Amino acid sequence: MAEEPNEIVNQTYTRDKPIQQLSTSSDSCCSSDHSHSNDEHTHDVSGKSTFQLFVPSILSFVLLMIAISLDNWVPQNWFTGWLRIGFYVIAYIPVGFPVLKEAWHSIRKGEVFSEFFLMGIATIGAFAIGEYPEAVAVMLFYSIGELFQTLAVKRAKSNIKSLLDQRPDQVTILKNNATQTVKAEQVGIGEVIQLKPGEKLALDGELVSDKGSFNTSALTGESKPDTKIKGEKVLAGMINLNSVSDVIVTTAYKDSKLSRILELVQEATAQKAPTELFIRKFAKVYTPIVVLLAILICLLPYFFVSDYLFSEWLYRALVFLVISCPCALVISIPLGYFGGIGAGSKHGILVKGSNFLDILAKIKNVVMDKTGTLTEGVFEVQEVLFESDVNQKEILSYVNALESKSTHPIATAIHHYVGEVDSAIHLEQVEEIPGNGLKAQINGKELLVGNFKLMDSFAISYSVDINKLVNTVIAIAYDGKFAGYMSIADRIKESSNSAIEELHQLGVKCTMLSGDKSTVVNEVARQLSLDNAYGDLLPEDKVSKVKEIKLQNGSVAFVGDGVNDAPVVALSDVGIAMGGLGSDATIEVADVVIQDDNPLKIPMAIRIGKETKKIVIQNISLAFIVKVIVLILGAGGIANMWEAVFADVGVALLAVLNAIRIQNMKF
């Protein structure tokens, strides 16, 4: 849907701002490919129940409690020496061996300073100085913390997947006037699905029945019923509400709109936010530094402390290592962004990467087109005024034939007004004049259809006072003479006013750029209380305006269709596409896709970005403050292994719990 009412755009643009290749590969942290990632944590959870995942930890805990009991509560004379050491080693193996194995794999790859390496040398060192219970306990609680984080990531991902991908595995198809139940993946294009009330559609198609009512919440986040008529597009994920509906399949199962949406959401974290990228780089530098500091804590006091005891300072160094693990930062931050992407998906807002959540959080200006964004985009002919010597019926049929070459809403309005296109009309030399309209040859004579700028550029004289015309006007000239004009009007969306109010409450300035005439633009701007509005703009004028806004007021989000306004979308900090369900190209081009065309989703997307950023900052602050305090206490010999465990695993779990709560927030 093009924005400019007087620009008829038939071509599809490829956005100049490249979209990075989305990938399902995991990113490493702490210099380990097996460490935390957005998709899977340190443990393989596929095909395992929660109980199975915790079996090694349960076994280790039971053995540890038996050993501690034999040491302290029911002491036994025989529980000494190598037997005692061996018992603690057996308690250590279920939780320690997987970590040591991962550390070894990392070292073989040349990636020495992983978190597994930190935990390995810390606990083995504790064994070396005789702190057996603490060695087992540290590794046990570390493993339990890792499992909880793994489950949190798995839950966040599965919640989003189940939210979106609820397509039935089987469908009922009509063949030879008989019904047949088959697997959804096996249904081919052209087959007819029979959809009973309450059933969810599994594939994209067109409605064959005369009329149907559908719940589109899985796609748009809105549960308000959407009525479709025969021939209209219906999409996978929509729920049939009333009567039995027949749908002819137009897209393969794997290529459906819902499949693409699900893929985009699951792969969105391939594009990292600056904060996330910084933390990952920071972890790779930070980890070897803390290992060096631990060595210095152990050895340097020898030269300054008179009663230096190696085992005491080694213990302090080991505590320092346990505390220093950057686990809380490296997992909770990506999880926070993933939660933000999930929260957006829940409300029908697709964010194509955590980097765009960061941009949304700091947006200062929202620049919008008019048609289809703030207005309904449903035009109706209001007035037709032709010169007295013109054959109105003939000229309208010519205009209808020319406009049939366009999918613009104005062209649709003209088609509805005039009726079916006369197939006998032969158009030649059809040409689009950007920002002005269309030109063609009919019967050897020139036909011009567009705005009054088009009339001026071809030196067509007219007696109309264009300053008195409020609505969008389509001027027509034939054979070098002005024939008349058609007045076309669009309606402002009910939610546009509330959306602008909410954006203002967020401290965001709202600007409208339009190719429509200034009188129309100014009237819409007045009704919506926009900060600025500019009409009569050519595509290059829009680019200049956005550049001007960026220079004066900072970051810009452009809201439009994301296709016909490609130069402006490329120039903006984040491109937001409205009505994404209607255009596959829009989904591919935009940074953020609002799956229905509700303007209220614009401030909602900004709020989600702000809340996500807030949670990420909270997690960074929590992890750094607690770790710095306990690191100082540990280096000073005040904190022991138990405080170290809290500083690592405890803070990580708190950060994870804080990160996943965004999915339950109300926006």
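Quick caveat, the model's predicted, so the values are computed rather than measured. Below, all heavy atoms of this structure are taken into account, side chains as well, without hydrogens, waters or symmetry copies.
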Open item on the list: Any carboxylate oxygen within less than 4.0 angstrom of a Lys/Arg side-chain nitrogen, looking at Glu611 and Arg607?
Closed with: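 Arg607 and Glu611: not salt-bridged.
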
- [ ] Take the angle between the ring planes of Tyr308 and Trp313 and call it parallel below 30°, perpendicular above 60°, tilted in between.
- [x]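 Correct class here is parallel.
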
TODO: Check the angle between the aromatic planes of Tyr88 and Phe79 and answer parallel, tilted or perpendicular using the 30° and 60° thresholds.
DONE: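 Tyr88 and Phe79: tilted rings.
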
[X] atom [atom1]: more than 12 heavy-atom contacts under 6.0 Å:
X: Trp73; atom1: CH2; answer: yes
X: Phe61; atom1: CZ; answer: no
X: Lys364; atom1: NZ; answer: no

Check for a donor-acceptor pair, side chain of [X] on one end and backbone N or O of [Y] on the other, with a separation under 3.5 Å.
X: Lys200; Y: Met238; answer: no
X: Lys601; Y: Ile349; answer: no
X: Ser60; Y: Leu140; answer: no
X: Ser345; Y: Leu350; answer: no

- [ ] State, with a plain yes or no, whether a side-chain heavy atom of Leu654 is found less than 4.5 Å away from one of Asn658.
- [x]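 A side-chain contact under 4.5 Å is absent here.
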
Open item on the list: Just so I know, are the side chains of Phe97 and Leu100 near enough to count as touching, which here means a heavy-atom distance under 4.5 Å?
Closed with: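 The answer is no; the side chains never approach within 4.5 Å.
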
To the nearest 0.5 Å, how far apart are [atom1] in [X] and [atom2] in [Y]?
X: Ile129; Y: Leu314; atom1: CD1; atom2: CG; result: 5.0 Å
X: Ile85; Y: Thr80; atom1: CD1; atom2: OG1; result: 9.5 Å
X: Phe87; Y: Leu70; atom1: CZ; atom2: CG; result: 6.5 Å

TODO: Mind listing the closest non-hydrogen atom pair of Ile363 and Ala557 along with its distance?
DONE: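 Answer, listing the atom of Ile363 first, then Ala557: CD1-N, 3.7 Å.
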
